[in-house]
Amino acid sequence: NYDSFRGLMHKLLARQLKRRKAADSWMQEGQRALSDISDAYSDFDREKDLVERSLDLVSEELNKRNQVLKSKLIQLEETHTQLANSLSVLNSIFDSTGEGIVAFNRQGRLLRSNSVAVNVSKQLIFSDSFTTAKTLRRVIRLLKYPHRFSKQLKRLKAKPEGDVFGNLEFNNGQIFE
């Protein structure tokens, strides 16, 4: 009876008992306790196997997601490089055009101007305070058609989110777009 139990006993428990040279008589008397201990070892092994399998599945999923993220990062870096190249081309075009270009934000602050605009604007004061009344009066005095400029300002004031395009002709013959 004990020998058949020994075959069912958990391997680790059997090795521990063999190392301790437990007497067969003692083992036969404690067969119930040994059976419970063996079952505990087996349960632990099953739980350990489940945890390991769970960790393997999570690891596989994380590796897949990591690959997806790496792929998206590469795409993002490529897009960034393409955008940087496009911006460089646009900046070159913006700076090399023969027309003066000035861009303001909705609050009237200067965002950007090209070199032609800077040369033309030497007569004017373009700064963060461009929208001040003093500067506007100075610009209006230099314009060939001040009423057109005033109409544009009124339209922009009525609809600040709108865009304004057009030319400013100065008394000295210069045209500012």
Side-chain angles (χ1 to χ4, degrees), residues 9-16 37-136 138-140 142-143 148-170 174-177:
M9 191 182 302
H10 189 273
K11 294 176 191 174
L12 179 60
L13 178 60
R15 281 196 311 267
Q16 288 172 337
I37 294 169
S38 180
D39 290 345
Y41 277 127
S42 296
D43 290 344
F44 176 81
D45 282 347
R46 279 190 295 277
E47 288 179 25
K48 182 182 67 101
D49 289 344
L50 285 173
V51 168
E52 286 175 354
R53 178 65 183 141
S54 177
L55 288 174
D56 286 344
L57 291 173
V58 168
S59 179
E60 286 176 30
E61 180 64 26
L62 288 175
N63 284 334
K64 287 177 186 176
R65 288 184 183 185
N66 189 35
Q67 285 303 110
V68 169
L69 288 174
K70 282 181 179 180
S71 174
K72 288 183 178 187
L73 179 61
I74 290 170
Q75 289 175 343
L76 186 60
E77 288 171 344
E78 289 171 356
T79 301
H80 180 267
T81 300
Q82 290 171 354
L83 286 173
N85 291 338
S86 294
L87 183 59
S88 177
V89 169
L90 288 174
N91 285 335
S92 296
I93 293 169
F94 184 81
D95 290 334
S96 66
T97 186
E99 298 178 4
I101 302 172
V102 179
F104 295 93
N105 69 9
R106 295 185 194 278
Q107 290 75 35
R109 292 182 185 237
L110 179 66
L111 294 175
R112 178 137 191 209
S113 61
N114 67 358
S115 58
V116 175
V118 170
N119 290 335
V120 170
S121 69
K122 287 182 182 176
Q123 301 173 37
L124 305 173
I125 301 170
F126 283 110
S127 67
D128 287 342
S129 63
F130 175 73
T131 58
T132 64
K134 184 178 179 182
T135 305
L136 283 175
R138 185 171 180 190
V139 169
I140 289 171
L142 296 171
L143 292 174
R148 290 181 188 167
F149 183 69
S150 295
K151 281 172 112 176
Q152 290 280 12
L153 284 178
K154 286 178 185 174
R155 198 170 68 211
L156 188 57
K157 187 175 181 180
K159 190 176 180 184
E161 68 279 354
D163 295 323
V164 176
F165 296 96
N167 298 325
L168 296 176
E169 285 188 61
F170 292 92
Q174 289 181 317
I175 297 176
F176 196 63
E177 186 175 336

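Remember, it's a predicted structure, so these values are computed and weren't measured experimentally. Scope of the values below: all heavy atoms of this structure, side chains included, with no hydrogens, waters or symmetry mates.
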message: What's the separation between atom CD1 in I74 and atom CG in L69, rounded to the nearest 0.5 Å?
response: 11.5 Å

message: Test your reading of the model: is there a side-chain donor-acceptor pair from S88 to the backbone of A84, 3.5 Å cut-off?
response: no

- request: Answer yes or no: is there a donor N or O on one side and an acceptor on the other, between the side chain of N63 and the main chain of S59, under 3.5 Å?
  value: yes

message: Working to the nearest 0.5 angstrom, can you tell me the gap between D45 CG and D49 CG?
response: 6.5 Å

task: Specify the closest pair of heavy atoms between F170 and L143, including all atoms of both residues, with the distance to one decimal.
output: CE2-CD2, 3.9 Å

- prompt: Atom CD in E52, atom NZ in K48: separation rounded to 0.5 Å?
  reply: 4.5 Å

S71 side chain to Q67 backbone, donor-acceptor under 3.5 Å: no

statement: Residues N114 and F94: closest non-hydrogen pair is ND2-O, 3.0 Å

query: Can a salt bridge be assigned to the pair E61 and R65 using a cut-off of 4.0 Å between side-chain N and carboxylate O?
result: yes

message: With a 3.5 Å distance limit and no angle check, can you tell me whether S42 reaches the backbone of S38 through a side-chain donor-acceptor pair?
response: yes

field: CG on L57 to CZ on R53, rounded to 0.5 Å
entry: 4.0 Å

Any donor-acceptor N/O pair, S54 side chain to L50 backbone, under 3.5 Å: no

- prompt: Tell me, do L55 and V51 make a side-chain contact under 4.5 Å, heavy atoms counted?
  reply: yes

query: Salt-bridged, D95 to R112, with N to O below 4.0 Å?
result: yes

